[in-house]
Student: 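Once you've had a glance at the structure underneath, I'll fire off some questions.
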Amino acid sequence: LAGYCLTASAQEKMTREDTGAILFSNRFSFTSDGQPVISVRIMDDQKEVEFTASKGLRIFPSGPGGPSVEVRGGKRWAAKVKDGKASKVSKRLVLDSTATRDFQQVKQMVKRWREKGLQTTTLELGSLFSFKGTVFDTRKTIVCLDSTKKQPPAALKELKSPDGKFLPEIYTQEILEERPSGRVTLRQKGGGEVKIDALNAIWFEPLEGSLTVIDVEYAKGFPWHGRKTRRYGGTFHLAVDRHGKLAIVNVLPAEKLLKGLVPAEIYADSPEEALKAQAVTARNEIMSKIGHRHLADPYLLCADQDCQVYKGLNAERERASKAVDATRGQVMFEEDGALGDARYSSTCGGHTEDAHEAWPGVKSKALKGRWDAGNRAEPYAPGDEKHVKQFSESPPKS
């Protein structure tokens, strides 16, 4: 079953005129051996993207599965967006959330907020799919404040702290109202006569081997932001992104994605069992984020810290790939049977934080702050100055 969930009013049926519409749904497919196929942003917000393929390209002007054009030769290609128009994205104030599968809990949650006198709407995020006989349900129903209706001042006051700001547990959710648009053009450089022009998106793949993307931008917004040429396997699409500019996206099976992801998040010379644990954790992260992130973007996941760092074929290492193969298809589940929320960090200062402090709306009994040492009898109380001082002056030996 291809898993999908309608998350935005702007999602529409794919038409012959605009095959790019499917890029903004949470629908995904599977390989013949049952692997989920994931679309991952290589980079977006670009004026131009350049790449090469040693043997040439196979281009699908009408979308995946349609007629194709083969262009042989290793010339460089350049892509741009013409007449790009940015998307329209709204933000909803989220009051509460719960797992969609718990129907009674959803009803009670909606009723509770309405009894407070607030005008609300509900939205469903996440996805539902079946993989080798196991059903994965990551759907979450959120209750949002209806911004189109006047709210009772007394009820609104309960949502705010004394300084007038909304309480920390109340957060915003992006919703795509209108998709971006424009024409994507793809042409050969250096005297080539081939030029492809399509509305909103173009799909393609290298005839053989890999695609080399020139000056891939990474870690935007971080001190280590930069550009580097990288190689990728799989298939690709160019699409108009939320800014009305250009995105290049890698589409590949989940297990292949993990081989370029795991060694980008943990040292490849780490102990074998650590690599296996990381592979399982990263697999959980892929599955649990689909339908919850990048709802206004023409891809399911990104390749940076917002999702998980993915560096393509350049990052693959034999030991990490063996760990991925050894844990193939393995994921973790919560006690109630739900897919486990397996967020992780590459760096820790000796003690982790309760997840909801970093991500409002995250409700997980497992993701609680704890000492790295693992044998500390006295629990850490977030915000307790006594414990902060004790930790700073006498940290655990680990």
Side-chain angles (χ1 to χ4, degrees), residues 7-8 88-100 102 104-126 138-177 221-222 288-289 291-296 305-307 334 338 341 343-345 347-371 376 378-393:
T7 60
K88 290 184 180 179
V89 179
S90 65
K91 290 189 176 181
R92 309 287 178 90
L93 207 61
V94 180
L95 305 176
D96 209 346
S97 65
T98 193
T100 301
D102 192 339
Q104 291 302 320
Q105 183 66 26
V106 171
K107 286 178 60 178
Q108 291 173 14
M109 178 179 66
V110 172
K111 180 181 178 182
R112 182 169 64 252
W113 287 102
R114 287 181 178 169
E115 287 177 346
K116 291 179 180 289
L118 295 169
Q119 299 291 325
T120 63
T121 58
T122 59
L123 292 170
E124 187 179 283
L125 308 179
T138 68
R139 295 173 302 164
K140 177 172 72 173
T141 298
I142 59 176
V143 174
C144 306
L145 203 62
D146 191 337
S147 59
T148 65
K149 297 179 181 178
K150 188 174 181 180
Q151 304 289 347
L156 278 178
K157 190 175 181 181
E158 289 187 30
L159 305 178
K160 298 179 179 181
S161 56
D163 61 0
K165 295 181 180 179
F166 282 100
L167 299 173
E169 58 266 29
I170 296 175
Y171 61 100
T172 58
Q173 174 66 55
E174 278 193 342
I175 299 296
L176 179 64
E177 301 292 350
F222 290 90
S288 62
K289 281 190 169 80
H292 293 278
R293 298 282 181 91
H294 300 291
L295 304 183
Q305 283 80 357
D306 183 51
C307 294
E334 302 279 3
D341 193 334
R343 298 161 196 250
Y344 63 89
S345 172
T347 311
C348 175
H351 198 293
T352 57
E353 181 63 278
D354 288 357
H356 73 271
E357 298 287 354
W359 297 282
V362 172
K363 300 175 181 178
S364 172
K365 295 179 181 178
L367 297 178
K368 298 295 182 183
R370 65 192 68 194
W371 294 98
R376 187 91 175 182
E378 186 179 7
Y380 169 70
D384 186 320
E385 290 300 323
K386 172 188 172 184
H387 289 104
V388 172
K389 188 171 185 293
Q390 180 182 357
F391 173 68
S392 300
E393 295 178 353

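Only heavy atoms go into these numbers, but all of them, side chains included; no hydrogens, no water, no symmetry mates. FYI, the numbering just counts along the sequence from 1.
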Student: Between Gly369 and Asp354, which heavy-atom pair has the shortest distance, and what is it?
Tutor: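 Smallest heavy-atom distance, with atoms named: N-OD1, 2.5 Å.
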
Student: Could you report the tightest heavy-atom contact between His292 and Gly126, atom names first, then the distance?
Tutor: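 Taking His292 first and Gly126 second, the nearest heavy atoms are NE2-CA, 3.4 Å.
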
Student: As an exercise, state the distance from CG of Leu125 to CZ of Arg139, rounded to the nearest 0.5 Å.
Tutor: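 So the CG of Leu125 and the CZ of Arg139 are separated by 11.5 Å.
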
Student: Applying side-chain contact (heavy atoms from CB on, under 4.5 Å), name anything that partners Thr121, two or more places apart in sequence or on another chain.
Tutor: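 Result, side-chain contact (heavy atoms from CB on, under 4.5 Å) vs Thr121: Arg92, Cys144, Asp146.
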
Student: Name all residues meeting the side chain to side chain donor-acceptor pair (under 3.5 Å) criterion together with Gln104; count only those two or more places apart in sequence or in a different chain, and write none if there are none.
Tutor: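 Per chain and number, Gln104 pairs via side chain to side chain donor-acceptor pair (under 3.5 Å) with no residue.
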
Student: Run the side-chain donor-acceptor check on residues 105-119: report pairs under 3.5 Å with partners two or more places apart or on a different chain.
Tutor:
{"unit_1": "Arg112", "atom_1": "NH2", "unit_2": "Asp96", "atom_2": "OD2", "d": "2.6"}
{"unit_1": "Trp113", "atom_1": "NE1", "unit_2": "Asp96", "atom_2": "OD2", "d": "3.2"}

Student: Name all residues meeting the side-chain contact (heavy atoms from CB on, under 4.5 Å) criterion together with Ala338; count only those two or more places apart in sequence or in a different chain, and write none if there are none.
Tutor: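 With neighbours one apart ignored, the set is Arg101, Glu334, Asp336.
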
Student: Can you name the side chain to side chain donor-acceptor pair (under 3.5 Å) partners of Asp102, sequence neighbours left out?
Tutor: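 Listed in chain order: nothing, the list is empty.
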
Student: Output the distance between atom OG1 (Thr120) and atom CG (Leu95), rounded to the nearest 0.5 Å.
Tutor: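 The distance works out to 7.0 Å.
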
Student: Roughly how far apart are Ile142 CD1 and Gln173 CD, rounded to 0.5 Å?
Tutor: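 So the CD1 of Ile142 and the CD of Gln173 are separated by 4.5 Å.
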
Student: Check salt bridge (Lys or Arg N to Asp or Glu O under 4.0 Å) between Lys289 and all other residues, then give those that pass, not counting sequence neighbours.
Tutor: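 Counting only residues at least two positions away or on another chain, Lys289 forms a salt bridge (Lys or Arg N to Asp or Glu O under 4.0 Å) with Glu285.
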
Student: Are any of the side-chain nitrogens in Lys389 or Glu385 under 4.0 Å away from the carboxylate oxygens of its partner?
Tutor: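 Judged by the 4.0 Å cut-off on N to carboxylate O distance, Lys389 and Glu385 do not form a salt bridge.
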
Student: Taking side chain to side chain donor-acceptor pair (under 3.5 Å) as the definition, give me every residue that meets it alongside Thr100, ordered by chain and number, with sequence neighbours left out.
Tutor: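 If we apply the side chain to side chain donor-acceptor pair (under 3.5 Å) test to Thr100, skipping adjacent residues, the hits are Thr141.
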
Student: Are the side chains of Leu176 and Leu295 in contact, using a 4.5 Å heavy-atom criterion?
Tutor: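 In short, these two side chains do not touch, never coming nearer than 4.5 Å.
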
Student: Indicate yes or no: at least one non-hydrogen side-chain atom of Arg293 is less than 4.5 angstrom from one of Asp306.
Tutor: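 SC-SC contact between Arg293 and Asp306 confirmed.
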
Student: Tell me, please, which residues at least two apart from Ser90 pass side chain to side chain donor-acceptor pair (under 3.5 Å).
Tutor: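 Partners of Ser90 under the side chain to side chain donor-acceptor pair (under 3.5 Å) test: Glu177.
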
Student: Name every donor-acceptor pair, under 3.5 Å, that has one atom in a side chain of residues 153-171 and the other anywhere in the protein, sequence neighbours excluded.
Tutor:
{"unit_1": "Ser161", "atom_1": "OG", "unit_2": "Asp163", "atom_2": "OD1", "d": "2.4"}
{"unit_1": "Ser161", "atom_1": "OG", "unit_2": "Lys165", "atom_2": "O", "d": "3.1"}
{"unit_1": "Asp163", "atom_1": "OD1", "unit_2": "Lys165", "atom_2": "N", "d": "3.1"}

Student: Please check this pair: side chain of His294 against backbone of Cys307, looking for a donor-acceptor N/O pair closer than 3.5 Å.
Tutor: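 No; judged by distance alone, with no hydrogens or angles, the pair does not exist.
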
